[in-house]
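Here's the structure we're looking at; comments come further down.
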Amino acid sequence: MSTHNPNPTMPSASVVRARVNEWFQAHGRDLPWRRPEASPWSILVSEIMLQQTPVVRVQPVWEEWMRRWPTPHDLAAEPAGEVLRAWGRLGYPRRALRLHACAQAIVTEHAGVVPRDLPTLLSLPGIGEYTAAAVACFAYQVPATVVDTNIRRVVGRAFHAKALPGPSMTRAQYREAQALMPAHPNEAGDAADASFTSAEVAEANTWNAASMELGALVCTARDPRCGECPVESVCAWVAAGKPAADYVPRGQAWHGTDRQVRGRMMAVLRESDGPVPYGVLVTRDGAEGAAQEVAEAHLRSALAQLALLGADDAQRASCARGLIEDGLAVLTTYGEVSLPG
DNA sequence: AAGACGGGGAA
DNA sequence: TTCCCAGTCTT
């Protein structure tokens, strides 16, 4: 985008920011991790849970976690298995394991205080580029550049008439998001630069939350509510007649995959009070037989659902081995499988 | 750069 | 049924 010959259909960044921020003040959701009293730890936990998982499913689990483990120290002291049980059905349970390890690292290496600088946040388990920026911004008001799938979609539509962003973030997209910030963070995304005014910092931090919220509530991937959008009148995608996406989203297979088998196995381990015989977890007949003997309804249901999968015993064994390699399960000396101690 | 990794609700 | 979701880590 040349400053000498700006594309007339491309809206000005400051206009988009102002309108989206104003919309956010009126329409942003009152989520518990956005309240002023939310601690940096509670915000970090929310961000990990929200990776690939919608707000409605995260909120009840987050509330429970904050009651049980209000500080990194509380979670770090817990056995990993208990953490995995409390994670429940949020999905991608390796996140729970990484969050547990993250809490332990915060306690042992950072005196129990959630770090506020990007490089230190990035060094923690489970925290990547997005989450590091989100924690710095939402927990500490550091104007780091936050870029998630919502923001990439909003920016792509408003400024480039692109229906959908690519499957993963490019460096060009990151640099553009950085340039859209009202103040330009330096390379480290640090706010130490004295040139920031408090008004710039406030606008930057609101923009991070507001553009994400717009993508979640209005500028949705499917069936966007353009009639409710504060930038509809300047949106490049709207101006171009809402052209279709130029690539086909790669749908993830589910039925018959290792992920489905692993998920069912984790459900059995979560519902079981103690270790599960290896043959129950790894053979169809074992799971089916156990489902007929067990009295407890939730465990019986989990075993039945594991037995119903189309997976053969070779795939079951491979998945069990994978869970153990990932640290999501452990093999006892009696040849049983359980959640990690 | 590509693939692995859960699960549920909406269209 | 298919698609989507406040991504991270490994190869």
Side-chain angles (χ1 to χ4, degrees), chain A residues 24 28-29 31-34 42-62 84 87-99 101-102 121-139 144-154 163-171 173-174 177 208-217 219-225 245 247-270 302 305-306 309 318-319 322-323 325-328:
Chain A
F24 181 69
R29 291 168 291 184
L31 301 172
W33 46 83
R34 283 183 182 159
S42 76
I43 290 168
L44 191 162
V45 171
S46 79
E47 292 299 341
I48 301 287
M49 289 181 171
L50 287 163
Q51 291 167 1
Q52 305 287 284
T53 307
V55 165
V56 286
R57 292 178 51 206
V58 164
Q59 187 162 343
V61 179
W62 180 89
L84 287 168
W87 190 256
R89 298 169 167 271
L90 285 183
Y92 294 128
R94 294 189 295 190
R95 289 184 295 166
L97 226 43
R98 295 190 187 120
L99 183 48
C102 180
L121 284 165
L122 277 170
S123 74
L124 296 170
I127 296 191
E129 191 164 33
Y130 162 77
T131 305
V135 170
C137 173
F138 302 139
T145 304
V146 176
V147 190
D148 77 327
T149 186
N150 287 310
I151 292 177
R152 292 198 299 125
R153 186 175 56 250
V154 167
L164 293 175
S168 58
M169 181 171 62
T170 65
R171 295 325 294 174
Q173 285 175 332
Y174 181 81
N208 281 332
S211 53
M212 214 181 321
E213 188 79 333
L214 188 72
L217 298 183
C219 195
T220 51
R222 247 184 329 186
D223 193 29
R225 301 163 167 81
Y247 82 103
V248 185
R250 193 90 191 112
Q252 291 182 330
W254 175 243
H255 288 286
T257 62
D258 284 1
R259 279 166 45 198
Q260 186 186 33
V261 176
R262 287 165 56 107
R264 297 291 192 206
M265 287 180 170
M266 287 302 293
V268 168
L269 294 177
R270 280 198 309 269
Q305 294 195 52
L306 175 58
L309 295 177
S318 167
C319 287
L323 291 177
E325 284 174 356
D326 288 346
L328 292 165

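Remember, it's a predicted structure, so these values are computed and weren't measured experimentally. Residue numbers begin at 1 in each chain, while the letters A, B, ... track the order of the sequences.
Listed by chain and residue number, A:E213 satisfy the salt bridge (charged side-chain N to carboxylate O under 4.0 Å, His left out) test with A:R29 (two or more places apart in sequence, or in another chain). Applying the side chain to side chain contact (heavy atoms under 4.5 Å, CB included) criterion to A:E129, with sequence neighbours excluded, gives A:M169, A:R171, A:Y174. Here A:R262 pairs with A:D326 under the salt bridge (charged side-chain N to carboxylate O under 4.0 Å, His left out) rule; sequence neighbours left out. By the side chain to side chain contact (heavy atoms under 4.5 Å, CB included) test, A:Q305 is found to be paired with A:R264, A:S301, residues two or more places apart in sequence or in another chain being considered. Applying the side chain to side chain contact (heavy atoms under 4.5 Å, CB included) criterion to A:A139, with sequence neighbours excluded, gives A:P40, A:I43, A:V135. For the salt bridge (charged side-chain N to carboxylate O under 4.0 Å, His left out) test, no residue two or more places apart in sequence or in another chain qualifies with A:R89. Residues passing the salt bridge (charged side-chain N to carboxylate O under 4.0 Å, His left out) test with A:R270: none are found, sequence neighbours excluded. Listed by chain and residue number, A:L118, A:L121, A:L122, A:I127 satisfy the side chain to side chain contact (heavy atoms under 4.5 Å, CB included) test with A:A132 (two or more places apart in sequence, or in another chain).
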Close N or O pairs between protein and nucleotides 9-11 of chain C (under 3.5 Å):
from  : atom 1 : to     : atom 2 : distance (Å)
C:dC9 : OP1    : A:G126 : N      : 2.7

Can you give me the N/O atom pairs linking the protein to nucleotides 8-11 of chain B at distances under 3.5 Å, or say none if there are none?
from  : atom 1 : to    : atom 2 : distance (Å)
B:dG8 : OP1    : A:R89 : NH1    : 2.6

Dot-bracket notation for DNA chain C, counting Watson-Crick and G-U pairs under 3.5 Å, with | for partners on another strand: ||.||.|||||

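Using atom P as the reference point in both B:dA11 and C:dA6, the two lie 15 Å apart (nearest Å). When the C1' atom is compared between C:dC9 and B:dG8, the two are found 24 Å apart, to the nearest whole Å.
Among the nucleotides C:dT8, C:dA6, B:dG6, the one closest to any side-chain atom of A:Y92 is B:dG6.
No contact: A:T257 has no heavy atom under 4.0 Å from any strand. A:A134 comes within contact range of no nucleotide atom at all, as no heavy-atom separation falls under 4.0 Å. A:R152 comes within 4.0 angstrom of no nucleic acid atom, judged by non-hydrogen atoms across all strands. Here A:W33 lies in heavy-atom contact (under 4.0 Å) with a base.
At whole-Å resolution of the value, CD in A:Q51 and C1' in C:dA6 are 8 Å apart. The distance between atom CZ of A:R259 and atom P of B:dA4, rounded to the nearest whole Å, is 9 Å.
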Stepwise side chain to side chain contact (heavy atoms under 4.5 Å, CB included) check, A:T131 with A:Q51: CA-CA 9 Å; A:T131 305; A:Q51 291 167 1; 2.9 Å; yes

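For the segment residues 164-171 of chain A, the set of residues with a heavy atom within less than 4.0 Å of an atom of DNA chain B is empty.
Nearest-nucleotide assignment on DNA chain C puts the 5′-proximal partner with A:R153, out of A:R153 and A:A132.
Using a distance-only test at 3.5 Å, with no hydrogens or angles considered, no donor-acceptor pair links the side chain of A:R153 to the main chain of A:A163.
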